[in-house]
Amino acid sequence: MLETKYDHKKVEENKYKTWKEKGYFNAGDMSKKPFTIVIPPPNVTGKLHLGHAWDTSIQDVIIRYKRMCGYDALWLPGMDHAGIATQAKVDRKLKDEGINPREMDRDEWLKRAWAWKDEYAENIHDQWAKLGLSLDYTKERFTLDDGLSRAVREVFVKLYNEGLIYRGERIINWDPEAKTALSNEEVIYKDVKGAFYHIKYFIEGTDEFLEVATTRPETLFGDTAVAVNPEDERYKHLIGKNVILPIVEKKIPIIGDEHADMEFGTGIVKITPAHDPNDFEVGVRHNLERVVIMNPDATMNELCKEYAGMDRFTCREKVVERLEKDGLLIEIEEITHNVGHSERTDVMVEPYLSKQWFVKMRPLADAVLENQKNKDTKVNFVPERFEKIMNHWMEITYDWCISRQLWWGHRIPAWYKGDEVYVGMEAPDGEGWIQDADVLDTWFSSALWPFSTLDWPIKSELLDRYYPNDCLVTGYDIIPFWVNRMTFQGLHFTGKRPFKDCVIHGLIRDKQGRKMSKSLGNGVDPMDVIEKYGADALRYYLVTEVSGGMDLKYDEEKLASTWNFINKLWNASRFVLMNIEDLKEEEYTLENLKIEDKWILSKLDHTIKDVRRYLDKYEFNNAGASLYGFIWECFCDNYIEMSKFSSDDVTTKSVLYHVLSSILKLISPFMPYVSEEIYSMLPFKDEESVTISKYPETDSKNEYSTNTVDDMIEFIKTFRTFKLENKIGKDFGVKYNVDGDYRLIQNMLRIGGNEIINREYNSSHDVIYKDYSIKVLYDKDDEGDSETLKKRIAELKSSITRRQNLLANEGYTSKAPKNIVDAEREKLKEEEEELKRIKG
RNA sequence: GGGCGCUUAGCUCAGUUGGUUAGAGCAUCUGCCUUACAAGCAGAGGGUCUGGGGUUCGAGUCCCUAAGCGCCCACCA
């Protein structure tokens with residue numbers, strides 16, 4: 001028998017291991033229709049956070065539901081090598097050991113990185129297990145696996161041969177800490193206090209100067225022109241002349257270019273083509289020299305005279321001091337502006353001229369935009385609005401910088417010999433070829449995840465059967481990084497969308513609404529939550545708390561209340577199990593149903609219908625609310641109470657059994673542990689585990705009208721309210737004013753017998769609801785109608801007036817749908833009758 | 001600058017294609033140890049749905065508009 005209290009620790013012990021050993025999570029039943037989800041691979045950098053718990057819980061609910069619905073459900077697990085993030089962590093660890101990672105042999109370093117990966121992958125496995133995720137580990141993948149690496153090379157080589165990958169010298173976002181290029185998506189813009197330095201650039205051979213305003217005076221070493229707008233009346237006559245570059249004392253031309261905004265600042269811009277993306281474009285138009293003035297670590301290089309070797313920020317100070325001394329500094333205007341920072345290392349990104357590999361995005365993005373117009377082949381976002389985010393990105397996207405100056409990742413399959421470049425799956429024959437030292441952006445391999453995990457480019461059974469994936473679940477924050485890229489790569493290489501549905505959830509925030517982050521220290525470890533409330537509570541809370549796509553404010557009180565809900569289910573089960581202990585399978589029957597049996601079976605049927613409908617639409621909050629209401633209100637508060645008066649009846653037992661086992665199945669995708677625990681204690685069952693049982697289906701046999709019992713319940717409530725408001729204790733009498741079936745009402749109110757009048761009372765009151773009317777006899781000191789009665793009369797009167805007015809309105813009766821108007825008339829009639837009865 | 005979201009009970013959130021008197025959990029108040037559960041039960045109170053305008057017989061829901069909060073994208077010499 002069950003303990004009186006739900007103990008999540010006991011319940012969640014050992015079950016996962018059994019499920020895994022039994023192979024419940026393994027896909028491959030070819031007789032069934034496949035349903036696939038591929039997990040968003042977590043980074044092997046560390047622990048899973050609450051966001052992962054949310055993301056994976058949603059997926060587990062979907063996949064368990066589909067599995068129970070009879071699909072060959074594959075949920076493929078895997079992890080991401082997470083290039084820059086992992087490399088930074090491994091480097092830090094090495095530094096802590098006193099080792100300079102960049103002085104290590106590359107292969108030695110990689111050994112350390114793989115050791116790190118193994119360690120953290122185990123952590124993640126443990127956490128997945130605690131969460132109870134039904135992953136098919138036989139198909140687990142890692143982005144650096146041989147197969148996936150092959151897929152990466154294949155894609156690189158093909159895109160290169162198609163002219164969609166190229167190598168070029170461009171201004172890229174440079175992370176001086178990690179010393180690597182970054183993509184635009186890896187740059188976070190933050191408001192930073194800075195200044196406009198107004199500097200005099202003297203016009204060659206004159207005493208006149210141009211007032212140039214810049215936020216980055218230290219880059220003047222790389223200036224190769226000064227631009228004014230060609231339409232600018234103030235300066236256009238100067239175009240073609242030269243200015244003397246301060247400190248450097250070099251002549252540079254004044255050019256006319258539309259990049260110079262007449263309205264902004266002084267209208268004069270210094271042009272530094274090697275250190276600013278806009279200036280780079282200007283440089284291309286005017287054929288300007290590109291002078292790189294920094295080293296990869298963002299210190300100034302040898303072109304910067306005595307400033308060489310200085311950090312860029314120190315250099316700025318020194319240059320400003322020097323300009324001031326030379327009388328070239330006009331003004332320092334303090335401003336706040338947006339400056340790019342590296343997503344991973346948080347250092348200020350340096351726009352930097354360097355040779356990198358790029359994916360030419362335009363044709364790939366256009367293909368996505370085209371495909372999204374086709375209802376049958378598009379990626380369906382849930383909620384729909386997130387499609388706009390992808391489409392917008394596709395519209396404005398520009399070439400993707402994919403090379404990273406890191407060690408941890410897929411080596412770029414390009415080899416160089418002098419000026420020759422070879423791109424191929426394997427190293428070219430012949431002597432003297434040197435492979436590109438760089439690796440690919442992590443997201444390059446992630447972009448292939450939906451099919452590279454299924455053996456692509458090998459045309460295997462896996463790929464054939466499980467691709468496209470049915471569903472992808474992820475947060476809206478990684479649509480640009482990942483969803484978009486999977487979509488264009490999927491389309492380009494398989495000719496199909498990578499997944500049919502893309503279910504988007506929000507971010508987890510703290511109680512104040514702030515994003516959870518390491519720096520704020522407001523993060524919550526899902527393992528701590530599981531320790532305290534159990535995985536079932538955490539899962540149910542996360543999955544059902546908010547509607548789709550919304551952020552979730554983490555609130556521990558809600559977990560406590562979810563725990564209470566499970567405890568309620570636990571105790572209801574305890575009651576049922578106690579009552580059906582002796583129920584034999586062969587006795588089980590749903591014949592000879594009493595009215596309350598029909599009522600609960602019908603309510604169950606509705607719940608099944610709702611939950612299925614909501615789950616099919618990925619509306620987990622609605623599914624949760626539906627289950628919660630059914631379990632607590634319909635089953636516990638009403639049916640169980642009613643059943644206590646016919647507990648020896650084999651039909652009652654059968655109904656209790658039927659409803660409980662249905663509840664366990666319905667809730668199993670959300671709460672796999674507790675449902676399993678209780679299911680295992682049923683006297684007989686369809687399957688050895690609820691995990692592999694069949695998800696309940698609606699049954700037209702159970703479509704009974706629930707009105708009668710609903711009305712009785714309303715009557716019971718009215719009666720109780722009356723008693724409470726009039727402080728009536730146990731001493732009162734009742735008289736039945738109207739004939740009818742009062743059995744349930746009597747039982748629930750414990751007023752057994754048709755008539756109880758123990759003695760004379762000085763007061764009485766009719767409690768009436770719809771077809772039921774009971775006179776309550778009691779002692780009362782003061783006179784007059786009871787509050788309950790007054791309230792009901794007032795309620796009825798106002799409602800009747802409202803309905804009369806509504807029905808008198810011709811616009812309403814002529815334009816509103818007939819069934820709604822009829823229902824209105826019907827209700828009016830009922831209320832009028834009730835009022836008449838009350839007033840006697 | 002462009003776009004998106006949010007604003008509903010004290011708090012956290014639901015609210016299907018417009019259709020009774022807007023719901024839930026927590027919190028509050030009242031009464032209960034009623035043998036499944038006091039982490040519970042039975043009740044109660046609490047909302048001019050951010051403001052303004054419009055469409056409609058009818059608006060929390062659709063349209064316009066204003067405000068506050070949050071996010072995304074772009075620009076910022």
Side-chain angles (χ1 to χ4, degrees), chain A residues 2 4-6 184 189 196 212-216 219 226-227 259-261 264-272 276 278-279 282 335-339 383 385-386 388-389 392-393 395-396 476-477 479-480 506-507 509 511 513-515 544-547 549-555 557-558 560-579 613-614 617 619 621-622 624-625 628-629 632-633 636-637 640-641 644 716-718 720-725 727 729 750 795 798-799 802-803 806 809-817 819-821 823-824 827-828:
Chain A
L2 263 50
T4 55
K5 274 194 172 49
Y6 162 57
N184 293 343
Y189 286 87
F196 262 137
V212 174
T214 179
T215 52
R216 307 204 54 198
T219 62
V226 165
H259 170 58
D261 181 349
F264 191 86
T266 58
I268 304 163
V269 199
K270 71 191 207 49
I271 302 298
T272 322
D276 181 282
N278 290 310
D279 292 4
V282 175
I335 54 155
T336 304
H337 59 152
N338 258 333
V339 181
R385 67 183 134 92
F386 289 105
K388 275 188 242 171
I389 294 182
H392 179 69
W393 188 89
E395 278 156 18
I396 62 158
Y476 61 70
D477 54 325
I479 293 173
L507 268 33
R509 300 177 178 280
K511 247 187 143 173
R514 299 172 307 177
K515 220 159 142 175
T544 64
E545 176 64 5
V546 290
S547 56
M550 301 297 289
D551 288 350
L552 185 149
K553 268 188 211 169
Y554 178 78
D555 182 357
E557 280 179 19
K558 292 243 173 178
S561 107
T562 305
W563 191 97
N564 288 351
F565 172 46
I566 303 177
N567 187 51
K568 185 74 182 175
L569 172 62
W570 181 265
N571 271 291
S573 306
R574 188 163 174 267
F575 173 86
V576 174
L577 290 172
M578 276 164 57
N579 277 279
R613 200 180 73 230
Y614 289 136
K617 292 196 289 184
E619 290 178 11
N621 61 320
N622 288 331
Y628 189 100
W632 205 308
E633 224 180 290
C636 294
D637 293 348
I640 285 185
E641 291 307 321
K644 287 177 180 171
I716 289 162
K717 282 186 179 181
T718 312
R720 283 168 174 162
T721 307
F722 167 77
K723 268 186 66 186
L724 202 68
E725 282 181 349
K727 298 190 168 48
R750 286 154 222 278
E795 227 173 62
S798 89
S799 180
R802 198 189 54 79
R803 286 189 213 280
L806 190 60
N809 181 345
E810 209 182 311
Y812 175 73
T813 47
S814 63
K815 289 186 185 172
N819 59 327
I820 286 175
V821 178
E824 199 64 33
K827 279 166 198 154
L828 177 62

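No experiment lies behind these values; they were computed from the predicted model shown. The chains referred to below are lettered A, B, ... by the order of the sequence lines, with proteins before strands, and numbering in each begins at 1.
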### Query
Expressed in whole Å, how much space separates the C1' atoms belonging to B:U34 and B:G40?
11 Å
### Query
Is there a side-chain contact between A:T219 and A:K270 (heavy atoms, below 4.5 Å)?
yes
### Message
Please classify the nucleic acid contact of A:E810 as base, sugar-phosphate, or nothing, using heavy-atom distances under 4.0 Å.
### Response
nothing
### Query
Looking at B:A14, B:C13, B:A39, which one has an atom nearest to any side-chain atom of A:S547?
B:A14
### Task
Round to the nearest Å and state the distance from A:K727 atom NZ to B:G31 atom P.
8 Å
#### Entry: P atoms of B:A42 and B:C26, separation to the nearest Å
12 Å
### Query
Which of the following nucleotides, B:A39, B:G43, B:G15, is nearest to the side chain of A:K5?
B:A39
### Query
Is a side-chain N or O of A:N571 found less than 3.5 angstrom from the main chain of A:T4, in a donor-acceptor match?
yes
### Task
Check every atom of B:G43, B:C6, B:A42 against the side chain of A:K717 and return the nucleotide holding the closest atom.
B:G43
### Query
What interatomic distance, in whole Å, is found between C1' of B:C29 and the corresponding atom of B:G10?
14 Å
### Message
When you measure only distances, ignoring hydrogens and angles, does the side chain of A:E619 come within 3.5 Å of the base of B:A14 through a donor and an acceptor?
### Response
no
### Query
Quantified in whole Å, what is the C1' atom distance between nucleotide B:U28 and nucleotide B:A9?
12 Å
#### Entry: 5' priority, RNA chain B, between A:I716 and A:K270 [closest heavy atom]
A:I716
### Side chain of A:K815 - closest among B:A36, B:G19, B:U56
B:U56
### Task
Grab the CG-P distance between A:D276 and B:C76 for me, whole Å please.
7 Å
#### Entry: Note, A:N622 side chain near A:K617 side chain (heavy atom, < 4.5 Å)
no
Would you list the protein and nucleotides 69-74 of chain B atom pairs, both N or O, that sit under 3.5 Å from each other?
residue	atom	partner	partner atom	Å
B:C73	O2'	A:H392	NE2	3.4

### Message
Using only modelled atom types and a 3.5 angstrom limit, is any donor from either the side chain of A:K568 or the base of B:C37 paired with an acceptor on the other?
### Response
yes
### Which nucleotide in B:G43, B:A36, B:G15 has an atom nearest any side-chain atom of A:I640
B:A36
### Query
Is there side-chain contact between A:K644 and A:N579, with heavy atoms separated by less than 4.5 Å?
no
#### Entry: Presence of A:K558 side-chain N/O under 4.0 Å of B:C26 phosphate oxygens OP1/OP2
no
### Query
Between A:R385 and B:C4, is there a side-chain N or O to OP1/OP2 distance below 4.0 Å?
no
#### Entry: Same-atom distance (P) from B:A39 to B:A59, integer angstrom
46 Å
### Per A:A816 side chain, nearest of listed nucleotides B:G15, B:G19, B:C76
B:G19
### Query
Which nucleotide, B:G15, B:U30, B:U12, lies nearest any side-chain atom of A:L724?
B:U30
#### Entry: Pairwise C1' distance for B:U61 and B:A22, with rounding to whole Å
11 Å
### Query
With distance as the sole test, does A:D276 use its side chain to make a donor-acceptor pair with the main-chain N or O of A:T272 at under 3.5 Å?
no
### Query
Taking atom C1' in both B:U17 and B:G68, what distance in whole Å separates the two?
31 Å
### Message
From OH of A:Y554 over to C1' of B:C26, roughly how many Å is that when rounded to an integer?
### Response
15 Å
### Message
Please report the distance, rounded to the nearest Å, between CG in A:L507 and P in B:C4.
### Response
20 Å
### Query
Starting at CZ of A:F722 and ending at C1' of B:G43, how long is that distance when rounded to a whole Å?
14 Å
### Query
A:Y476 vs A:F386 aromatic rings, parallel, tilted or perpendicular, using cut-offs 30° and 60°?
parallel
### Query
With a 4.5 Å limit on heavy-atom distance, are the side chains of A:H337 and A:F196 in contact?
no
### Query
To the nearest Å, how far apart are A:F196 CZ and B:C76 P?
10 Å
### Query
Checking all strands, does A:N622 fall into the base, sugar-phosphate, or nothing category for heavy-atom contacts under 4.0 angstrom?
sugar-phosphate
### Message
Taking any heavy-atom pair under 4.0 Å as a contact, classify A:Y628: base, sugar-phosphate, or nothing.
### Response
sugar-phosphate
### Query
Expressed in whole Å, how much space separates the P atoms belonging to B:G5 and B:G15?
14 Å
### Task
State, with a plain yes or no, whether a side-chain heavy atom of A:T562 is found less than 4.5 Å away from one of A:Y628.
no
### Message
Show me the dot-bracket string of RNA chain B, counting Watson-Crick or G-U pairs under 3.5 Å, with | for pairs to another strand and [ ] for crossing ones.
### Response
(((((((..((((.....[...)))).(((((.......))))).....(((((..]....))))))))))))....
### Query
Between B:G43 atom C1' and A:K723 atom NZ, what is the distance in whole Å?
12 Å
## Note on the structure
The residue, A:H259 or A:K511, whose nearest nucleotide of RNA chain B is more 5′ is A:K511
#### Entry: A:E633 atom CD: more than 12 heavy-atom contacts under 6.0 Å
no
### Message
Within the 3.5 Å criterion, strictly below it, is a donor on A:K827 or A:S799 matched to an acceptor on the partner's side chain?
### Response
no
### Task
Indicate whether OP1 or OP2 belonging to B:C76 is found under 4.0 Å from a side-chain N or O atom of A:N278.
yes
### Query
Contact class for A:W563 (heavy atom, under 4.0 Å): base, sugar-phosphate, or nothing?
base
### side chain to side chain contact (heavy atoms under 4.5 Å, CB included) between A:V339 and A:Y189, worked out
CA-CA 5 Å; A:V339 181; A:Y189 286 87; 5.9 Å; no
### Message
In whole Å, I'd like the distance from the CZ atom of A:R574 to the P atom of B:C37.
### Response
6 Å
### Query
For B:A44, does either OP1 or OP2 sit under 4.0 Å from a side-chain N or O belonging to A:T721?
yes
### Task
Please state whether the phosphate of B:G25, meaning OP1 or OP2, lies under 4.0 angstrom from any side-chain nitrogen or oxygen of A:S561.
no
### Task
Return no unless some side-chain N or O of A:N564 is found under 4.0 Å from OP1 or OP2 of B:G40.
yes
#### Entry: Quiz item: A:R803 side-chain donor-acceptor pair to B:U20 base, under 3.5 Å
yes
### Task
May I ask you to decide if A:Y6's main-chain N or O and A:N567's side chain share a donor-acceptor pair within less than 3.5 Å?
yes
### Message
Base, sugar-phosphate or nothing for A:E824? Non-hydrogen atoms, less than 4.0 Å.
### Response
nothing
### Query
For A:K644 and B:A36, is the shortest distance between a side-chain N/O and OP1 or OP2 below 4.0 Å?
yes
### Distance, nearest 0.5 Å, that separates CG of A:L507 from CZ of A:R509
5.5 Å
### Pairwise distance OH(A:Y614) to OG1(A:T544) - rounded to 0.5 angstrom
13.5 Å
#### Entry: Phosphate contact (B:A39 OP1 or OP2) by A:W632 side-chain N/O below 4.0 Å
no
